[in-house]
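Data first, discussion second: the structure below is written as structure tokens.
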Amino acid sequence: VSGHSWGDVFMFVDRFEGDNGGLDTYWELSPRLSIGKILDKELTAGPIKDVLISTTAEIGQSFTHYLIGPAVNLAIPGFSYFQLNTYRRNNEGRDDNWQLTPVWGLPFSIGEQNFLYNGFADWRSGSGNNTTELNFTSQLTWDIGALMGTPETFRIGVEYVYWTNKFGIQDTDERNLNALFKAHF
């Protein structure tokens with residue numbers, strides 16, 4: 001993730017290597033263009049901090065999906081960030097549909113220890129050969145970098161994935177708990 005004078009970018013790559021020798025690489029690239037930054041104007045109103053054009057490319061072994069739509073950054077007390085992204089999905093090999101993606105970060109402390117609860121939820125509408133799906137993924141991490149004198153550099157924690165109708169396939173669900181070690185540079 002990175003911030004720029006024109007907006008921000010989020011990107012990740014997942015690599016799967018199965019026990020049966022199967023290999024798959026999936027990645028997403030999500031640049032968001034800040035209308036406020038591009039126009040050099042404050043686009044604030046109530047809890048709205050900025051208005052953006054949100055885009056995503058989802059690229060897998062046998063498909064590429066393109067998403068585009070409006071987004072807002074919101075100022076919600078206690079949250080370090082809260083985004084609400086809406087998309088029209090242009091799906092390769094499947095019917096097009098809609099997606100709503102809130103993204104959040106909620107820092108908190110217990111004593112002198114700093115934690116962060118962050119995550120996202122992808123809700124995708126059903127259409128044609130897609131069924132409605134929900135991917136709710138969140139992380140709870142502890143800032144162990146602060147113990148080494150370098151706050152916000154290293155975090156450990158857990159991630160929980162709750163995904164119903166994964167990839168728009170009816171009754172294909174995922175529920176898993178993952179251990180995390182994150183390095184920020």
Side-chain angles (χ1 to χ4, degrees), residues 1-12 28-58 67-89 97-125 132-147 150-166 174-185:
V1 66
S2 59
H4 303 275
S5 61
W6 48 265
D8 54 50
V9 175
F10 174 76
M11 183 186 141
F12 72 88
E28 289 186 15
L29 175 64
S30 300
R32 297 185 327 140
L33 303 174
S34 164
I35 296 172
K37 288 181 178 180
I38 290 169
L39 297 177
D40 196 27
K41 301 234 185 247
E42 292 239 357
L43 298 179
T44 59
I48 296 174
K49 291 176 24 179
D50 197 5
V51 178
L52 304 97
I53 298 170
S54 191
T55 66
T56 296
E58 301 174 341
L67 292 70
I68 187 167
V72 290
N73 287 348
L74 300 173
I76 297 178
F79 287 80
S80 57
Y81 58 91
F82 195 101
Q83 306 167 355
L84 190 55
N85 303 284
T86 57
Y87 301 98
R88 179 65 178 163
R89 297 179 53 87
N97 59 344
W98 297 94
Q99 180 170 317
L100 176 65
T101 303
V103 178
W104 66 88
L106 179 62
F108 64 96
S109 297
I110 298 175
E112 294 184 20
Q113 303 305 308
N114 297 319
F115 298 87
L116 177 64
Y117 177 64
N118 65 310
F120 70 92
D122 286 337
W123 174 85
R124 296 179 187 143
S125 69
T132 301
E133 75 181 276
L134 173 66
N135 177 357
F136 182 90
T137 300
S138 62
Q139 301 175 349
L140 178 61
T141 58
W142 172 35
D143 182 4
I144 62 166
L147 300 175
T150 56
E152 300 299 325
T153 55
F154 300 106
R155 293 186 159 276
I156 60 170
V158 294
E159 174 182 76
Y160 184 69
V161 177
Y162 178 94
W163 198 344
T164 299
N165 299 328
K166 187 173 182 175
E174 176 182 346
R175 311 282 189 266
N176 67 57
L177 182 65
N178 302 292
L180 288 178
F181 174 77
K182 298 171 80 172
H184 296 264
F185 48 92

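Worth saying up front: this structure is predicted, and the values here are computed from it rather than measured.
Checking side-chain atoms of Asn73 against main-chain N and O of Lys49 turns up no donor-acceptor pair under 3.5 Å. The closest donor-acceptor contact from the side chain of Thr86 to the backbone of Pro70 lies under 3.5 Å. Side chain of Arg175 to main chain of Trp163: a donor-acceptor pair is present (N/O by atom type, distance under 3.5 Å, no hydrogens or angles). In terms of modelled atom types and a separation under 3.5 Å, the side chain of Asn165 and the main chain of Thr132 share a donor-acceptor contact. Using a distance-only test at 3.5 Å, with no hydrogens or angles considered, no donor-acceptor pair links the side chain of Thr56 to the main chain of Ser30.
Stacking of Arg88 on the aromatic ring of Trp98 is recorded, both the 6.0 Å distance cut-off and the 45° axial limit being met.
Minimum interatomic distance between Val72 and Leu74 (heavy atoms only, all atoms of both residues): CG2-CD2, 3.8 Å. For the residue pair Asn97 and Ser125, the shortest heavy atom distance occurs at ND2-O, 2.8 Å. The minimum heavy-atom distance between Ala121 and Leu134, with the atom names listed, is CB-CD1, 4.5 Å. Closest approach of Asp50 to Gly36, counting heavy atoms only: OD1-N, 3.3 Å. Between Pro107 and Gly78 the shortest heavy-atom distance is CD-O, 3.5 Å. Among all heavy-atom pairs drawn from Thr153 and Gly145, the shortest one is OG1-CA, 3.8 Å.
Within a 6.0 Å sphere centred on CG of Leu140, other residues, nucleotides and ligands contribute more than 12 heavy atoms. Summarising the local packing, OH of Tyr162 is surrounded by 12 or fewer heavy atoms from other residues, nucleotides or ligands at distances under 6.0 Å. Summarising the local packing, CG of Asp40 is surrounded by 12 or fewer heavy atoms from other residues, nucleotides or ligands at distances under 6.0 Å.
To the nearest 0.5 angstrom, Ser54 atom OG is 9.0 Å from Ile68 atom CD1. Between atom CD of residue Gln99 and atom CG of residue Leu67 there is a gap of 5.0 Å, rounded to the nearest 0.5 Å. Note that CG of Asn118 is 6.0 Å distant from OG1 of Thr141, once rounded to the nearest 0.5 Å. Note: Lys182 NZ to Ile156 CD1 = 12.5 Å, rounded to the nearest 0.5 Å.
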key: Intermediate values then yes/no, salt bridge (charged side-chain N to carboxylate O under 4.0 Å, His left out), Glu58 and Arg124   = CA-CA 14 Å; Glu58 301 174 341; Arg124 296 179 187 143; 3.5 Å; yes
key: Chi angles and distances behind the side-chain contact (heavy atoms from CB on, under 4.5 Å) call for Ile53, Ile35   = CA-CA 7 Å; Ile53 298 170; Ile35 296 172; 4.1 Å; yes
query = Does the side-chain contact (heavy atoms from CB on, under 4.5 Å) test come out yes or no for Leu29 and Thr55, once each step is laid out?
reply = CA-CA 8 Å; Leu29 175 64; Thr55 66; over 6 Å; no
message = side-chain contact (heavy atoms from CB on, under 4.5 Å), that's the test. Do Leu147 and Trp142 meet it? Break it down for me.
response = CA-CA 10 Å; Leu147 300 175; Trp142 172 35; 3.6 Å; yes
inquiry  = Could you walk me through whether Gln83 and Arg32 satisfy the side-chain contact (heavy atoms from CB on, under 4.5 Å) test, starting with their C-alpha distance in whole Å, then the side-chain angles of each, then the deciding distance to 0.1 Å, before giving a yes or no?
reply    = CA-CA 11 Å; Gln83 306 167 355; Arg32 297 185 327 140; 3.3 Å; yes
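Screening Leu43, Leu33, Leu39 for a side chain to side chain contact (heavy atoms under 4.5 Å, CB included) involving Val51 leaves a single residue, Leu43. Of the listed residues (Trp104, Tyr160, Trp123, Phe120), just one forms a ring pair (Phe, Tyr, Trp, His ring centres under 6.0 Å) with Phe136, and that residue is Trp104.
Side-chain contact between Asp143 and Gln113: absent, with no pair of heavy atoms (C-beta onward) separated by less than 4.5 Å. Lys37 has its side chain out of reach of His4: every pair of non-hydrogen atoms, C-beta onward, lies at least 4.5 Å apart.
In this pair, Phe154 and Phe181 present their aromatic rings parallel. The plane angle is below 30°, not in the 30 to 60° band.
Asn135 and Glu133 share no donor-acceptor pair across their side chains, judged by distance under 3.5 Å alone.
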